[in-house]
Amino acid sequence: MKRSLPIFVVLAALLVAIAVANPYFLDPPAFLAFVKRAAPLVILAAGQYFVIVSGEFDLSVGSLVTAEVVIAARLIDGTAAATWPVMVLLIALGLLAGLVNGSVTTLLRVPSFITTLGMMLILSGAVFLWTGGSPRGALSPQFRELGRGSLGPVPWSVLILVVTAAAAIWAMRADFGRTLVAAGDNDRAAALSGVRVPRIRTIGFMISGLSAAVAAILLGGFAGVSAQVGQGLEFQAITAVVLGGVVLGGGRGSVVAAMAGAFTLEALFTLLNLYGISGALEPAVQGFIIIGAVALGAVNFRRRRPAVA
Amino acid sequence: MTEQIKVRRVPAGGSILQRLSGDRPARPVYLALALLILLGWLLVALDGGQFVSLENIVGIQQRSAALGIVAVGQTVVILAGSLDLSVAYLISLNSLVAAEIMAGGDGAVLPGVTTVLVVSALVGLVNGLIITRLRVHAFIATLGVALIIRGLLDQRYDGPAGSVPASFLHIGYDRIGPVPVSALLWAAVAVSAWFLLSRTRLGYRIYAVGGDAEVARLSGVRTGRVVVAAHVICSVCAGIAGLLLVSRLAAGAPTVGTDGGYDLESIAAVVLGGTALAGGRGGVAGTVGGVLLLAVLDSVFNQLEVDSFAKDVVRGVVLVAALAIYARRRRTA
């Protein structure tokens, strides 16, 4: 936990900075709205963490999110009755995409960068081939409720986020989490001590696919149907995880820090908006901060070489 | 030591196919290319078209030249164990830099070209220094630099800007017989990179660092400098590709790099050519084959008038299947 301290300091500083510019930010409604906006990215980052900590990449989540939203719109097409079956189907599709990613990577030994790059091409191509080039149909109000509605004062997406976070933390504390980290740190050593590395990595990919499905359900509700809904999300999720101090290549970092990384990224976007930095310069500032944060993290981590945590 | 890395054991027995492709990583991609050309020729002929026409051959070369040049640079960084995701935005930036400066007329061509190459080299230097000095993973470092360039582009440009003199358009449009000038430029870049990688000290060091950076360091290679040099070479290649694209568009465009998907596509071409993503193994010859494979695939689809979305699906499948086959060979060889 010690090693992930920097990200919490950065996150706290950003939140304070936002609160200074906008005093209402820390009031429950405004803060919950912020968490709601951040929820999809945080969930994606949590899923991506399971892949990265096991030593792999998942570049397919962005197009998976787009594909799921487009599929949902086409299948539901405004009818309320279709909502729940389609949601189950979306979850199953997410798990399936993860299963394919994981199997191709571990059994056929294709580098995960390429496997998931291929999956990205296949998913985006196949979905638009099916819908004829642009999204068709519409989501039902029931479907959109999860992304934009709330239970009393608390948005549904915040509740889903809390459940996801609890599940992720629980999974990382269980045997599964330890073996996953062991596989990422040194897969040979893990295999020799009895870990079934291919299986455990595949489960990591399936968790990432599942998180993409959940994020797609929230984003579809929050932002509606578009062909760009998932664009660039894979890079944002990876950036968030790395901001949280998780090392690309696997074996180091905590899932809580990865989620904090996603919150930090979202807080950064909010802050840039508040201070009126024009939309155009936003990526540039983001680029500087990502490089700076990771560079600082690298310097810190070299000093204390911690054991796997 | 580089020799040790490059030498591969060939199984004594095995099928003809195995013996043909067993010793050099570049072979299978040319085998696949030959098969694809044959298949494409058959399919297009059945469809009532003509595949081996002058127009089509010139088209394939022109389409692949820009990607080919970027991919040659990408090969160099990947061999060094790194990776460059910033090339797409760098190409856009270069196209604008070139077109803005060359708007002055014929006399401004040389300053334009020089500026582009200098800007590219600087970006490569920054990439390399962030990776080696600040110890940021190449994926994040070059992604961050890509975001920075994108921010600058978004801030300053809404659409195409600048122009180039007519004399500069020759690079993009002229051809000598069936060979376009752009393809010659690509060939020149590829041959220089091949020479660098297989005949010079820096080239051997790039293989050594990509193969095992720690072993290279212990053998006295200054690994940081090698990685920086590889990144400078890669960015300069992106600069040359930017110049080539400007000479075809006749103006700079802030989206020319990302529309072409040069970042991920160049990486795909490199690994299709048999270069290991982890570094240290592979070469330029394979990359050229990989780029041609993608271009021929493209051309077959165009001639058959297949939906562009289907193209993406097939590309994804080809990419993953090719890598699965390479991984198999590596284990059995």
Side-chain angles (χ1 to χ4, degrees), chain A residues 57 59-60 63 100-101 104-105 107-133 232 235-236 238-239 242-243 247-249 277-299 301-302, chain B residues 83 85-86 89 126-127 130-131 133-158 261 264-265 267-268 270-272 276-278 306-328 330-331:
Chain A
F57 279 101
L59 293 179
S60 67
S63 63
V100 173
N101 277 337
V104 171
T105 303
L107 301 182
L108 302 182
R109 311 234 178 163
V110 176
S112 56
F113 190 95
I114 301 299
T115 312
T116 54
L117 177 61
M119 179 60 92
M120 170 174 158
L121 289 171
I122 293 170
L123 276 175
S124 56
V127 156
F128 288 111
L129 196 61
W130 180 52
T131 60
F235 287 123
Q236 281 190 19
I238 294 174
T239 306
V242 174
L243 269 183
V247 178
L248 287 181
I277 290 175
S278 77
L281 263 185
E282 206 178 280
V285 177
Q286 201 189 331
F288 272 115
I289 288 178
I290 290 161
I291 293 176
V294 175
L296 281 178
V299 173
F301 294 155
R302 251 187 302 153
Chain B
L83 159 121
L85 292 175
S86 68
Y89 286 106
V126 169
N127 276 334
I130 292 173
I131 293 164
R133 294 286 150 148
L134 301 181
R135 308 222 171 184
V136 177
H137 193 288
F139 186 96
I140 297 294
T142 55
L143 187 62
V145 169
L147 285 172
I148 293 171
I149 298 176
R150 179 182 146 199
L152 297 177
L153 288 177
D154 286 358
Q155 170 80 358
R156 293 201 52 183
Y157 298 98
D158 297 323
L264 294 177
E265 198 132 326
I267 295 175
V270 171
V271 295
L272 264 182
L277 198 53
V306 178
D307 199 311
S308 74
F309 297 114
K311 233 189 276 185
D312 275 349
V313 176
V314 174
R315 272 187 193 191
V317 172
V318 167
L319 186 60
V320 173
L323 268 282
I325 292 168
Y326 291 157
R328 249 193 113 66
R330 206 157 285 155
R331 254 183 311 165

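The shown structure was predicted, so the numbers you read here are calculated from the model rather than taken from an experiment. We use all heavy atoms of the structure for the numbers below, so side chains are in, but hydrogens, waters and symmetry mates are not. Just so it is clear: chains get the letters A, B, ... in the order the sequence lines come, proteins before strands, and each one is counted from 1.
Scored by the side chain to side chain contact (heavy atoms under 4.5 Å, CB included) test, B:Ala278 finds no partners at all (sequence neighbours excluded).
Residue A:Leu59 touches chain B through its side chain alone, counting heavy-atom pairs closer than 4.5 Å. For B:Ile130, the part sitting under 4.5 Å from any heavy atom of chain A is the side chain, from C-beta outward, and nothing else. Residue B:Ile325 does not touch chain A at all, counting heavy-atom pairs closer than 4.5 Å. At a 4.5 Å heavy-atom cutoff, the contact between B:Val271 and chain A is made by side-chain atoms alone. Proximity to chain A (any heavy atom under 4.5 Å) is shown, for B:Ala310, by both the backbone and the side chain.
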Output, in order, the C-alpha distance, side-chain angles, deciding distance and verdict of side-chain contact (heavy atoms from CB on, under 4.5 Å) for B:Val145 and A:Ile291. CA-CA 8 Å; B:Val145 169; A:Ile291 293 176; 4.1 Å; yes
Where do B:Ile267 and A:Phe113 land on the side-chain contact (heavy atoms from CB on, under 4.5 Å) test, with the steps shown first? CA-CA 10 Å; B:Ile267 295 175; A:Phe113 190 95; 3.8 Å; yes
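Listed options A:Val242, A:Leu123, A:Ile290, A:Thr239 were ranked by heavy-atom pairs under 4.5 angstrom with chain B; first place goes to A:Val242. The greatest number of non-hydrogen atom pairs below 4.5 Å with chain B, out of A:Leu248, A:Val104, A:Ile238, is found for A:Leu248. Contacts with chain B were tallied for A:Val127, A:Thr115, A:Val285, A:Ile122; A:Ile122 has the most, counting heavy-atom pairs under 4.5 Å.
No more than 12 heavy atoms of other residues, nucleotides or ligands sit less than 6.0 Å from atom CZ of A:Phe288.
When all heavy atoms are compared, the tightest approach of A:Pro283 to B:Asp154 is CG-OD2, 4.2 Å. Between B:Ala268 and A:Leu117, the shortest heavy-atom contact is CB-CD2, 4.4 Å.
In this structure, the separation between CG on A:Leu108 and CG on B:Leu323 is 10.5 Å, given to the nearest 0.5 Å. Between atom CG of residue B:Leu85 and atom CZ of residue A:Phe235 there is a gap of 5.5 Å, rounded to the nearest 0.5 Å. Separation of atoms CD (B:Glu265) and CG (A:Leu121) is listed at 8.0 Å; rounding is to 0.5 Å. For the atom pair CG (B:Leu147) and CD1 (A:Ile289), the distance works out to 11.0 Å, reported to the nearest 0.5 Å.
Using cut-offs of 30° and 60° on the angle between ring planes, the pair A:Phe57 and B:His137 is perpendicular.
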